[in-house]
Amino acid sequence: MHPLEKQLMKISYGDLCKATDGFSSANLIGVGSYGSVYKGYLDHIMKIVAVKVLNLERHGASKSFIVECKALRNIRHQNLLKVLIVCSSIDFKGDDFKALVFDYMAKGNLE
């Protein structure tokens with residue numbers, strides 16, 4: 001296994017919280033029907049990422065997460081960002097937390 005893959009497999013809610021500065025509105029890229037996307041920086045892999053955080057209070061969000069994971073696992077397309085990892089964890093309040101982490105720079109998303 002590649003060292004980068006080992007590091008990514010250990011991603012936690014805390015890592016994503018730190019990467020996005022506490023899911024700061026300053027890092028908010030966009031909001032969709034099932035969640036919000038934040039720009040962040042993962043120190044341990046030195047990579048800018050996009051973190052799609054699902055709003056699990058919305059009906060159907062968990063099912064959407066599973067469907068999206070299955071679909072993106074096998075799809076490769078020039079207009080889609082590469083999924084680096086998924087995070088299914090517990091947040092600091094003890095609530096369920098689910099997120100998809102994308103390679104933000106894969107498509108040249110420079111600001």
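Computed from a predicted model, the values in this text were never measured in an experiment. The analysis underlying the following values was restricted to heavy atoms, covering all of them including side chains, and did not include hydrogens, waters or symmetry mates.
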List the atom of [X], the atom of [Y], and the distance in Å for their closest heavy-atom pair.
{"X": "Cys17", "Y": "Phe23", "value": "CA-CE1, 3.7 Å"}
{"X": "Ser12", "Y": "Cys87", "value": "C-SG, 4.0 Å"}
{"X": "Tyr38", "Y": "Ile29", "value": "C-CD1, 3.8 Å"}
{"X": "Phe92", "Y": "Gly14", "value": "CZ-CA, 3.8 Å"}

[X] side, atom [atom1]; [Y] side, atom [atom2] - distance, nearest 0.5 Å:
{"X": "Tyr104", "Y": "Lys39", "atom1": "OH", "atom2": "NZ", "value": "4.5 Å"}
{"X": "Tyr41", "Y": "Lys18", "atom1": "OH", "atom2": "NZ", "value": "10.5 Å"}
{"X": "Ile45", "Y": "Ile11", "atom1": "CD1", "atom2": "CD1", "value": "6.5 Å"}

**Message:** Would a single hydrophobic cluster contain both Phe97 and Leu28, if residues Ile, Leu, Val, Met, Phe, Trp and Tyr are joined by side-chain heavy-atom contacts under 4.5 Å?
**Reply:**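 Yes.
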**Shared hydrophobic cluster, Met46 / Ile48 (ILVMFWY, side-chain heavy atoms < 4.5 Å)** =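 In one cluster with Met46: Ile48, yes.
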**Item:** Side-chain heavy-atom pair Val53, Thr20 within 4.5 angstrom cut-off
**Value:**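 Not touching, per the 4.5 Å side-chain cut-off.
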**Prompt:** With respect to Asp96, which candidate in Leu56, Asp91, Leu54 satisfies the side chain to side chain contact (heavy atoms under 4.5 Å, CB included) definition?
**Reply:**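 Only match with Asp96 under side chain to side chain contact (heavy atoms under 4.5 Å, CB included): Leu56.
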